Undergrad: 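So that we are looking at the same thing, I have put the structure below in structure tokens.
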Amino acid sequence: MDGGGGSSRVRRALGVAARRGPWRRGRVLAVLALLLGLLMLLHARITDGWGLGSLVETFLPWFGLFVPALLAGALWRRSAAAVVALLLPVAVWLNLFGGLLGDRSRPGGDLTVVSHNVGAGNPDPAGTARALAASGADLLALEEITPRALGTYEKVLGKTYAHHTVAGTVGLWSRLPLSGTRPVDIETDYGPLGDSKPAAAKAAYNRALRTTVTTDRGPVAVYVAHLGSVRVFPRNGFWTSGRDRGAHALAAAVAAEPDRRVVLLGDLNGTLDDRAFAGLTARLRSAQDAAGDGFGFSWPAGFPVARIDQILVRGVRPTRSWVLPATGSDHLPVAAAVSW
């Protein structure tokens, strides 16, 4: 008589054991969470074939958006395993970018600098120049200056800035005296074809300069640079070789710079998480990382998703870093205040 009842209890026990508990549900979500964490943790080891490593590192902060999506899936599946697995990407993201959350600015500032890729197709260079002059910057770096717009920038900015220098498509306007200006070879023209070009022909397309700004606290070496663009090609993937070559040449110039105080302003066409900039970040610090509020994305102007316009310093202390309102360019201007 007990056989039927015993069999029923055994069947119920086996049914409970066979049910997928919270630690067995959502295994796919748990694996995806672990892979996301490992991707962010080991991003520097991703191959740069077809520019894959640079592409991942350019948009690395945005990988954090996968965390709430995976968390929603884990809660819907009631998967304890997936929730625990999400601790890895959360910890890695916070380690990489947690320090950029919130306002890191502090009072003070002896020198205000602004950098802006004004855009070759800017329909209103005069309006852009007036907006930049109104920023109150002591030093104003412009990139992507066209021959057609140069006269406009010189005329409008000349009302505010007594000193300026232009080399090719980059320039610096300053309230303080400038001296020792020279172009910096970032290997925009290279190889046999570039070597065969006369210096005058290459000068018109120069994309970097170095000058000395005289302050009441001593000289500051200022670099203005516009590195090569990146491109996406169907066969070659994320093409960065021109940009990378320029980054390495610029890093070599900064490494050889004898002045103790250095400020680098420019459109580097990449975020500082990108491995291509290791030579620069080893010697210079980001004003935005040190004294900004949030990530300070600067491109594209309509909906910024990356900070590719940079202010890097050595020998001075950033006290504040911010992004200025849009102009007629597809980039936003970036600004910083530094102290001695």
Side-chain angles (χ1 to χ4, degrees), residues 26 29-46 48 52-75 79-109 115 247 264 268-300 303-314 316-324 331-332 334-339:
L29 291 170
V31 170
L32 290 175
L34 293 175
L35 289 176
L36 176 62
L38 291 173
L39 176 68
M40 292 190 291
L41 180 65
L42 304 174
H43 65 87
R45 296 182 178 273
I46 298 174
D48 209 26
L52 181 60
S54 286
L55 181 62
V56 169
E57 289 164 341
T58 295
F59 299 103
L60 197 58
W62 293 95
F63 280 79
L65 293 179
F66 289 109
V67 170
L70 289 172
L71 178 60
L75 295 177
S79 171
V83 171
V84 171
L86 278 169
L87 293 176
L88 176 62
V90 169
V92 173
W93 193 93
L94 289 175
N95 180 64
L96 291 172
F97 305 112
L100 300 180
L101 302 177
D103 189 355
R104 301 172 298 285
S105 64
R106 44 194 175 275
S115 178
L264 168 60
L268 302 189
N269 268 309
T271 70
L272 297 183
D273 296 308
D274 195 312
R275 65 195 70 184
F277 301 106
L280 285 171
T281 56
R283 297 174 177 88
L284 304 172
R285 65 190 301 206
S286 164
Q288 178 65 26
D289 288 357
D293 184 0
F295 290 92
F297 294 147
S298 64
W299 178 88
F303 187 81
V305 298
R307 184 180 178 91
I308 65 175
D309 302 275
Q310 309 293 349
I311 298 175
L312 307 179
V313 302
R314 180 181 82 194
V316 295
R317 182 170 60 92
T319 58
R320 187 182 172 211
S321 179
W322 65 101
V323 177
L324 294 171
H331 292 244
L332 296 177
V334 295
V338 299
S339 291

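Source: prediction; values computed, not measured.
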Undergrad: Could you check if a side-chain atom of P107 sits within less than 4.5 angstrom of a side-chain atom of T319, using non-hydrogen atoms only?
TA: no

Undergrad: Please find the pair of heavy atoms, one from P304 and one from L332, that lie closest to each other, and give the distance.
TA: CG-CD1, 3.7 Å

Undergrad: Can you tell me if CH2 on W322 sees more than 12 non-hydrogen neighbours from other groups inside 6.0 Å?
TA: yes

Undergrad: Minimum heavy-atom separation for L86 to A33, with atom names?
TA: CD2-CB, 3.7 Å

Undergrad: For the atom pair CG (L60) and CZ (F97), what is the distance rounded to the nearest 0.5 Å?
TA: 4.0 Å

Undergrad: Please check if the side chain of D274 supplies one atom and the backbone of T58 the other of a donor-acceptor pair under 3.5 Å.
TA: no

Undergrad: Which distance, rounded to the nearest 0.5 Å, do you find between the CG of D48 and the CG of L55?
TA: 9.5 Å

Undergrad: Taking all non-hydrogen atoms of both residues, which atom of H331 and which atom of I308 are closest, and how far apart?
TA: CE1-CD1, 3.6 Å

Undergrad: Nearest 0.5 angstrom please: N269 CG to S54 OG, how far?
TA: 12.0 Å

Undergrad: Given V92, which of L38, L87, L41 fulfils the side-chain contact (heavy atoms from CB on, under 4.5 Å) condition?
TA: L41

Undergrad: Distance-only, no hydrogens or angles: does the W93 side chain make a donor-acceptor pair with backbone N or O of P61 under 3.5 Å?
TA: yes

Undergrad: Does any non-hydrogen side-chain atom of V334 lie less than 4.5 Å from one of Q310?
TA: no

Undergrad: Can you check whether L268 reaches L280 side chain to side chain, under 4.5 Å on heavy atoms?
TA: yes

Undergrad: Atom OG1 of T271 and atom CZ of R307: how far apart are they, to the nearest 0.5 Å?
TA: 11.0 Å

Undergrad: Is there a donor-acceptor contact under 3.5 Å from the side chain of R275 to the main chain of R45?
TA: no

Undergrad: Just do the side chain to side chain contact (heavy atoms under 4.5 Å, CB included) check on V67 and L36 with the steps written out, would you?
TA: CA-CA 8 Å; V67 170; L36 176 62; 4.0 Å; yes

Undergrad: Please find the pair of heavy atoms, one from A74 and one from A82, that lie closest to each other, and give the distance.
TA: CB-CB, 3.6 Å

Undergrad: Find the distance between OG (S298) and CG (L324) and round it off to the nearest 0.5 Å.
TA: 11.0 Å

Undergrad: Considering all heavy atoms of both residues, which atom of A337 and which atom of G109 are nearest to each other, and what is their separation?
TA: CB-CA, 4.3 Å

Undergrad: When you compare the side chain of L39 with that of F63, does any pair of heavy atoms fall below 4.5 Å?
TA: yes

Undergrad: So do the side chains of I46 and L42 get within less than 4.5 Å of each other, counting heavy atoms only?
TA: no

Undergrad: Would you mind writing out the side-chain donor-acceptor pairs for residues 285-296 within the sub-3.5 Å range, not counting sequence neighbours?
TA:
| unit_1 | atom_1 | unit_2 | atom_2 | d |
| --- | --- | --- | --- | --- |
| S286 | OG | Q288 | N | 3.2 |
| S286 | OG | D289 | N | 3.1 |
| Q288 | OE1 | S321 | OG | 2.9 |
| Q288 | NE2 | G294 | O | 3.0 |

Undergrad: Start with the C-alpha distance between L312 and L272, add both sets of side-chain angles, then the distance that settles side chain to side chain contact (heavy atoms under 4.5 Å, CB included), and finish with yes or no.
TA: CA-CA 10 Å; L312 307 179; L272 297 183; 3.6 Å; yes

Undergrad: Please report the interatomic distance CG(L100) to CG(L94), rounded to the nearest 0.5 Å.
TA: 11.0 Å

Undergrad: Compare every heavy atom of G108 with every heavy atom of S339, then report the nearest pair and how far apart it is.
TA: OG-C, 3.9 Å

Undergrad: Take the angle between the ring planes of F297 and W62 and call it parallel below 30°, perpendicular above 60°, tilted in between.
TA: parallel

Undergrad: Indicate yes or no: at least one non-hydrogen side-chain atom of N95 is less than 4.5 angstrom from one of M40.
TA: no

